[in-house]
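Whatever order the structure lists ligands and atoms in, that order sets their numbers, starting from 1.
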Amino acid sequence: MRLIIEKDYKNISKWSANYIAHAILKAAPTSAKPFVLGLPTGSTPIGTYKELIRHYKHGVISFEHVITFNMDEYIGLPQDHPQSYSTFMWENFFSFVDIKKENVNIPNGNAADLEKECLEYEGKITAAGGIDLFLGGIGSDGHIAFNEPGSSLASHTRMKTLTYDTIVANSRNFNNDLSKVPKTALTVGIQTIMDAGEVVILVNGYKKAMALQKTVEGNVNHMWTCSILQMHPHAIIVCDEDAIVEMKVGTVKYFKEIESANINPATQLYN
Ligand code: PGA
């Protein structure tokens with residue numbers, strides 16, 4: 001695992017967007033061999049999306065040969081609802097870059113047969129050649145995608161019930177009315193994320209500090225699903241100074257030392 005500790009949210013966003021841009025450029029995708037990117041919603045990735053849009057506008061990268069798979073979607077919310085994850089993705093990212101509509105994949109939380117939808121979603125990921133890079137956030141209860149505490153660490157795309165914590169956190173987008181937040185969602189599984197070539201997880205703010213501590217210093221445990229990242233061969237966590245406050249001083253020092261010796265082209269190319 002790499003732990004990148006940046007000063008603040010702005011720098012996390014720059015670092016992760018640079019890293020993603022670099023990964024796409026390195027892959028030099030074509031229509032025959034597209035780059036497959038897993039994507040999250042939430043407040044955390046917004047800065048990264050803004051930076052990626054900036055790179056696109058400056059001609060640094062193109063999304064013409066990029067296929068995306070979103071992590072999750074609420075069940076039962078109309079696709080064009082202001083709070084659907086589909087709306088979020090088009091309003092915060094897709095509408096501003098040259099991605100092809102047919103290359104965008106988001107689970108359909110209104111499918112007549114949700115189990116079939118989940119199976120087909122996994123099938124589409126496989127047919128695309130697997131996910132090259134999965135970008136994600138983390139919940140304060142340690143969830144990645146909607147894999148809440150107690151989720152199977154071997155899970156694939158399926159329906160999940162959201163925890164009370166998550167419903168409260170997400171109610172900020174529903175006028176703080178808990179009753180308006182959908183209680184269930186379709187989500188990629190832990191194994192779906194683990195199957196990606198690399199995983200980049202963004203963590204910022206004090207409220208994520210405990211989840212980050214469990215991710216980096218805790219044991220692998222289904223009650224903190226984020227801890228599974230310890231088992232991924234290419235996991236990168238990009239966090240800010242506020243998020244590290246629950247970790248040991250020695251742990252922080254260790255990762256800072258390693259990274260200071262690392263020459264990372266992603267952070268040098270597009271500042
Ligand atoms: P947030 O959500 O980015 O809005 O904090 C992250 C998550 O729940 O995974």
Side-chain angles (χ1 to χ4, degrees), residues 6 8-13 15-17 20 38-52 69-75 77 82-89 91-93 106-107 109 134-151 153 155 157 160-176 178 180-190 192-194 196 199-216 222-229 232 235-240 242-246:
E6 290 289 317
D8 53 21
Y9 178 71
K10 191 169 157 220
N11 286 305
I12 294 180
S13 305
W15 198 100
S16 58
I20 294 165
L39 294 175
T41 56
S43 53
T44 311
I46 291 177
T48 302
Y49 291 146
K50 285 204 171 102
E51 280 293 303
L52 285 172
F69 284 92
N70 262 82
M71 288 185 148
D72 40 25
E73 178 60 282
Y74 289 122
I75 292 176
L77 214 55
Q83 295 309 330
S84 81
Y85 287 169
S86 172
T87 302
F88 175 97
M89 288 309 298
E91 284 184 351
N92 287 288
F93 186 39
I106 301 175
F134 223 132
L135 177 69
I138 201 170
S140 4
D141 64 0
H143 67 220
I144 37 177
F146 273 135
N147 294 287
E148 299 283 25
S151 292
L153 298 180
S155 50
T157 304
K160 284 294 290 179
T161 306
L162 311 190
T163 59
Y164 181 68
D165 265 11
T166 302
I167 291 169
V168 171
N170 292 6
S171 67
R172 68 189 190 276
N173 299 319
F174 292 84
N175 296 324
N176 296 313
L178 268 58
K180 294 223 163 63
V181 185
K183 306 291 178 287
T184 51
L186 298 185
T187 179
V188 296
I190 294 289
T192 321
I193 297 168
M194 292 297 283
V199 182
V200 177
I201 299 289
L202 313 175
V203 190
N204 76 293
Y206 293 110
K207 63 180 191 298
K208 307 285 177 71
M210 184 56 76
L212 182 61
Q213 190 273 335
K214 298 285 183 189
T215 308
V216 180
H222 67 163
M223 293 311 285
W224 291 92
T225 55
C226 50
S227 62
I228 193 68
L229 294 167
H232 196 284
I236 305 182
I237 299 186
V238 194
C239 67
D240 68 358
D242 289 345
I244 62 176
V245 296
E246 293 289 342

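Side chain to side chain, Asp8 and Asn11 meet the donor-acceptor criterion of an N or O pair below 3.5 Å.
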Cut-off 3.5 Å, no hydrogens considered: what does the side-chain donor-acceptor table look like for residues 141-151, sequence neighbours left out?
residue : atom : partner : partner atom : Å
Asp141  : OD1  : His143  : N            : 3.1
Asp141  : OD1  : His143  : ND1          : 3.1
Asp141  : OD2  : Thr163  : OG1          : 3.1
Asp141  : OD2  : Thr166  : OG1          : 3.4
His143  : ND1  : Glu148  : OE1          : 2.9
His143  : ND1  : Thr166  : OG1          : 3.3
Asn147  : OD1  : Arg158  : NH1          : 3.0
Asn147  : OD1  : Arg158  : NH2          : 2.8
Asn147  : ND2  : Ile144  : O            : 2.9
Asn147  : ND2  : Val188  : O            : 3.0
Glu148  : OE1  : Thr166  : OG1          : 3.2
Glu148  : OE2  : Thr163  : N            : 3.2
Glu148  : OE2  : Thr163  : OG1          : 3.4
Glu148  : OE2  : Thr166  : OG1          : 2.6
Ser151  : OG   : Glu148  : N            : 3.0
Ser151  : OG   : Glu148  : O            : 2.6
Ser151  : OG   : Lys160  : NZ           : 3.2

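Protein residues having a heavy atom under 4.0 Å from any atom of ligand 1 are Gly42, Ser43, Thr44, Gly137, Ile138, Gly139, His143, Arg172, Lys208, listed by chain and number.
Between the side chain of Thr225 and the backbone N or O of His222, no donor-acceptor pair lies under 3.5 Å.
The number of heavy-atom neighbours closer than 6.0 Å to NZ of Lys50, taken from other residues, nucleotides and ligands shown, is 12 or below. Taking a 6.0 Å sphere around CG of Asn176, one finds it holds more than 12 heavy atoms contributed by other residues, nucleotides or ligands.
In this structure, Asp242 and Tyr9 have side chains that are not in contact, with every pair of non-hydrogen atoms separated by 4.5 Å or more.
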